[in-house]
Peer 1: 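This is the structure, below, for whatever I ask next.
Predicted model, so just to flag it, every value in this text is computed and none were measured. Index from 1, following the sequence.
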Amino acid sequence: MPVRRAASLVPALLLACNSIAPSVTTLGALSSSTGNGPVTMGDVHATLGFTRPGEPVGDLIGWDLGRGTTYAPEGDPLHPEWRTPVVVAAAQALADARPGHGRAPLMRFSDQIDGVGGGDGYHFYRYVEPGHAPAAGDAMATFEYFALMQDADAAPIVGLNFGSGTASEAAAYVTHLNGSDAADVNVAARHHWGQDQPYRQTQFEIGSESYAPWTTGYDAADAPYSYANPAAAHVGDPGWHNRPSSSAADYAARALEYVAAVRAVEPEARFWVPLSQASMDAWGGVEAAVQALAPLLQEPAVAGAAIHQYLLDDARPLGWDDPDDLFFALAGVEAFRPGFARARAALDAVRPGLELVVTEYHLAGAAFRGRFTRGREAVVGLGVAGMLLFYAQLGVEAACQHAALEFETLDAPDRDPLLEPWYNPFRRGPNGAAAPQASYVATRLVGEHLLERTAPLEFNKQVHQDMSVGSGKLSVPLVHAAAFVDPAGEAGTLVALHRDLERSHTLSLDLPPGWTASSAVRWAPPAADHDTHAHPIDVEPTEFAQDGGRVQVTLPPHSLVALRFTGAAR
């Protein structure tokens with residue numbers, strides 16, 4: 001995965017237009033009724049700098065395999081019942097959701113890697129030991145979750161159990177994945193299940209949400225499986241008894257042991273480490289957390305720090321708590337902009353070049369069980385699209401949307417407490433098909449328009465709406481957009497989320513000389529609370545017009561609109 005940096009979170013994106021192309025009005029190939037008159041400045045107007053490519057675009061299309069996800073390769077000796085037509089169709093559909101820059105989408109395996117609420121975490125050998133007898137409640141073995149990643153044509157991220165594991169167990173796990181010595185018990189276990197070749201896995205995350213009271217390892221007092229508990233069921237980690245991860249400094253010191261142990265068996269290993277929820281209040285606040293983590297973050301093998309963001313959940317510490325607020329679902333990311341800026345600045349102060357990644361995100365999390373009732377509605381897709389555009393604007397290096405490919409108990413009232421219906425990007429369709437839900441449709445639409453680099457985009461005219469968060473008020477831009485360009489200057493794109501819930505607006509764009517719009521599409525549900533499960537909405541062509549160097553397109557209320565452009569070099 002690329003190591004990249006954004007020069008600034010809020011760059012001054014100015015486009016100098018010293019020449020004007022001849023005034024020739026063209027209608028997009030997908031347009032039939034815009035007329036032949038001049039294209040005027042719209043309600044919202046921006047200039048695009050396709051001739052000046054910006055920062056590299058991160059790996060923003062990715063999936064985090066959450067609780068409930070099970071998968072089996074063909075001929076699986078353990079759990080053949082996990083290989084159903086609908087889950088295979090879902091994996092194949094995930095393979096189709098590819099970013100436009102061509103790199104593989106990410107896929108993260110965590111499965112509550114550390115454990116939750118004092119419970120045990122993921123111990124890989126339990127599921128790959130030769131002679132393992134399959135049992136109800138089994139997590140996926142390595143060869144099973146890698147089969148899902150391979151069928152989804154994804155780039156794997158592997159989580160290492162910090163809360164209820166040890167550094168030596170992490171080294172054994174990586175030996176199992178990458179080792180070549182068949183005499184090693186961990187490598188032999190991989191061979192036993194039919195995987196002779198190493199996985200060559202190099203991207204790891206050391207624990208998950210280690211800063212959070214709900215995570216095993218955070219507190220030694222009453223966590224029966226915590227590494228820090230001297231009375232732990234697995235004995236814990238004796239060298240770290242009574243030094244739980246509630247201390248960022250203790251987390252950092254112990255994580256350095258993980259780095260050393262894993263690098264001893266995989267010299268190319270690189271690591272992400274947990275930092276905070278998007279509320280940026282973990283470990284005493286982001287500045288204090290980064291300072292305490294500094295010895296770890298200065299280790300060259302540590303590539304960056306990970307944020308988790310469940311938009312509605314993480315807004316509560318900021319003073320917001322209304323799960324029915326449709327506008328906040330589309331625009332609430334703006335309340336998090338200062339926190340992400342603080343995180344980036346704090347990381348830069350410790351070591352310039354550190355990546356800021358979001359390894360779990362979604363519109364709502366399990367904290368809103370029973371309160372968030374919009375899981376079947378278009379607002380879920382619009383919300384995750386807004387988050388993706390936000391990450392593109394901020395230069396986030398990687399993002400993984402939380403997903404649960406579960407089709408049996410997802411809607412049951414007694415389902416796993418960490419499993420929510422809106423986590424599945426699909427529903428069961430006829431004949432074993434995986435029917436795309438709003439989150440998948442919107443994610444795929446954004447992803448298809450991600451090119452290799454950002455393009456300067458400056459709004460000269462914008463429409464705003466006030467949004468209250470706690471005791472404060474934000475003036476939120478109603479057109480939330482990002483633009484992208486290929487390095488050769490042959491192709492460009494723009495994706496815009498229109499946040500206005502009631503009115504349409506026209507968006508006009510000034511292009512560099514020689515650039516033309518070639519197509520436009522939109523995902524425009526009839527209402528933000530439209531039930532897309534019962535009545536799916538497809539992405540469809542939409543009209544646009546170009547007059548000389550200016551393009552205009554209409555943005556329906558609560559819609560996602562994307563345009564493609566062709567450059568003069570082509």
Side-chain angles (χ1 to χ4, degrees), residues 1-6 56 58-59 62 64 106 108-110 113-114 155-163 165-171 173-174 177-178 200-212 215 217 227 237 240 243 245 247-277 280 282-283 286-308 340 342-360 395-400:
M1 274 163 277
V3 178
R4 55 173 303 280
R5 294 294 288 111
D59 293 311
D64 173 60
L106 304 178
R108 175 180 183 255
F109 180 74
S110 60
I113 192 78
D114 286 352
I157 304 164
V158 172
L160 303 176
N161 184 345
F162 190 87
T166 63
S168 60
E169 182 186 26
Y173 190 7
V174 178
L177 296 175
N178 292 358
R200 296 185 175 87
Q201 178 64 26
T202 58
Q203 182 66 62
F204 302 95
E205 195 166 344
I206 306 176
S208 180
E209 300 182 358
S210 305
Y211 47 75
T215 302
Y227 76 86
D237 191 352
W240 294 93
R243 295 180 65 183
S245 64
S247 162
D250 282 340
Y251 166 83
R254 187 167 183 260
L256 281 169
E257 283 194 358
Y258 274 64
V259 171
V262 170
R263 293 271 287 184
V265 298
E266 177 46 71
E268 299 302 315
R270 66 197 302 269
F271 304 88
W272 289 329
V273 299
L275 179 58
S276 182
Q277 297 297 122
M280 302 298 175
W283 278 328
V286 69
E287 290 84 5
V290 170
Q291 184 174 359
L293 295 172
L296 174 63
L297 295 170
Q298 288 165 348
E299 159 60 47
V302 173
I307 302 294
H308 287 180
F340 273 81
R342 288 170 50 214
R344 182 71 87 183
L347 292 171
D348 282 348
V350 168
R351 191 179 122 211
L354 279 167
E355 298 171 4
L356 183 63
V357 300
V358 181
T359 53
E360 287 185 28
V396 166
E397 280 84 358
C400 294

Peer 1: Main chain of Gly395, side chain of Arg344: is a donor-acceptor contact present, judged purely on distance under 3.5 Å?
Peer 2: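 Yes, because the side chain of Arg344 sits within donor-acceptor range (under 3.5 Å) of the backbone of Gly395.
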
Peer 1: Between Val290 and Leu275, is the side chain to side chain contact (heavy atoms under 4.5 Å, CB included) condition met? List the steps.
Peer 2: CA-CA 8 Å; Val290 170; Leu275 179 58; 3.8 Å; yes

Peer 1: Has Arg254 got its NZ or CZ under 6.0 Å from the middle of the six-membered ring of Phe162, at an angle within 45 degrees of the ring axis?
Peer 2: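 The answer is yes; both the distance and angle limits are met.
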
Peer 1: Are Tyr227 and Trp240, when compared by the centres of their aromatic rings, separated by less than 6.0 Å?
Peer 2: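 Here the rings of Trp240 and Tyr227 have centres that are no less than 6.0 Å from each other.
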
Peer 1: Verify, without hydrogens or angle tests, whether Tyr258 (side chain) and Asn161 (backbone) share a donor-acceptor contact under 3.5 angstrom.
Peer 2: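 Yes, Tyr258 side chain to Asn161 backbone: donor-acceptor pair under 3.5 Å.
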
Peer 1: Would you call Arg270 and Glu355 a side-chain contact if the rule is heavy atoms closer than 4.5 Å?
Peer 2: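 SC-SC contact between Arg270 and Glu355 confirmed.
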
Peer 1: If only side-chain N and O atoms count, and only distance matters, is there a donor-acceptor pair under 3.5 Å linking Glu205 with Thr359?
Peer 2: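 There is such a pair (donor and acceptor under 3.5 Å, judged by atom type) between the side chains of Thr359 and Glu205.
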
Peer 1: What I want to check is whether the side chains of Glu266 and Asn178 have a donor and an acceptor closer together than 3.5 Å.
Peer 2: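 Yes, because at least one side-chain N or O of Glu266 sits under 3.5 Å from a partner of the opposite role on Asn178.
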
Peer 1: Short question: side chain of Ser110, backbone of Ile113 - any donor-acceptor pair under 3.5 Å?
Peer 2: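 The answer is no, because no donor-acceptor pair under 3.5 Å joins these two groups.
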
Peer 1: Name all residues meeting the salt bridge (Lys or Arg N to Asp or Glu O under 4.0 Å) criterion together with Arg263; count only those two or more places apart in sequence or in a different chain, and write none if there are none.
Peer 2: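 For Arg263 there are no salt bridge (Lys or Arg N to Asp or Glu O under 4.0 Å) partners, ignoring immediate neighbours.
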
Peer 1: I'd like to check the salt bridge (Lys or Arg N to Asp or Glu O under 4.0 Å) partners of Glu287; sequence neighbours left out, ordered by chain and number.
Peer 2: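 Partners of Glu287 by the salt bridge (Lys or Arg N to Asp or Glu O under 4.0 Å) criterion, ordered by chain and then number, come out as Arg342.
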
Peer 1: Using modelled atom types only, decide if a donor and an acceptor are shared between the side chain of Trp283 and the backbone of Ser245 within a distance under 3.5 Å.
Peer 2: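 It does hold such a pair.
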
Peer 1: Nearest heavy-atom pair of Asp59 and Leu106: which atoms, and what distance?
Peer 2: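 That closest heavy-atom pairing would be O-CD1, 3.6 Å.
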
Peer 1: Is a donor on one side and an acceptor on the other found under 3.5 Å between the side chain of Glu360 and the backbone of His308?
Peer 2: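 No, the answer is negative, given that no donor and acceptor are paired below the 3.5 Å cut-off.
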
Peer 1: Taking atom types as modelled and ignoring hydrogens, do the side chains of Arg351 and Gln298 form a donor-acceptor contact shorter than 3.5 angstrom?
Peer 2: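 There is no such pair (donor and acceptor under 3.5 Å, judged by atom type) between the side chains of Arg351 and Gln298.
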
Peer 1: On a heavy-atom basis, which atom in Ala248 and which in Ala292 lie closest, and how many Å separate them?
Peer 2: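 Minimum heavy-atom separation between Ala248 and Ala292: CB-CB, 3.6 Å.
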
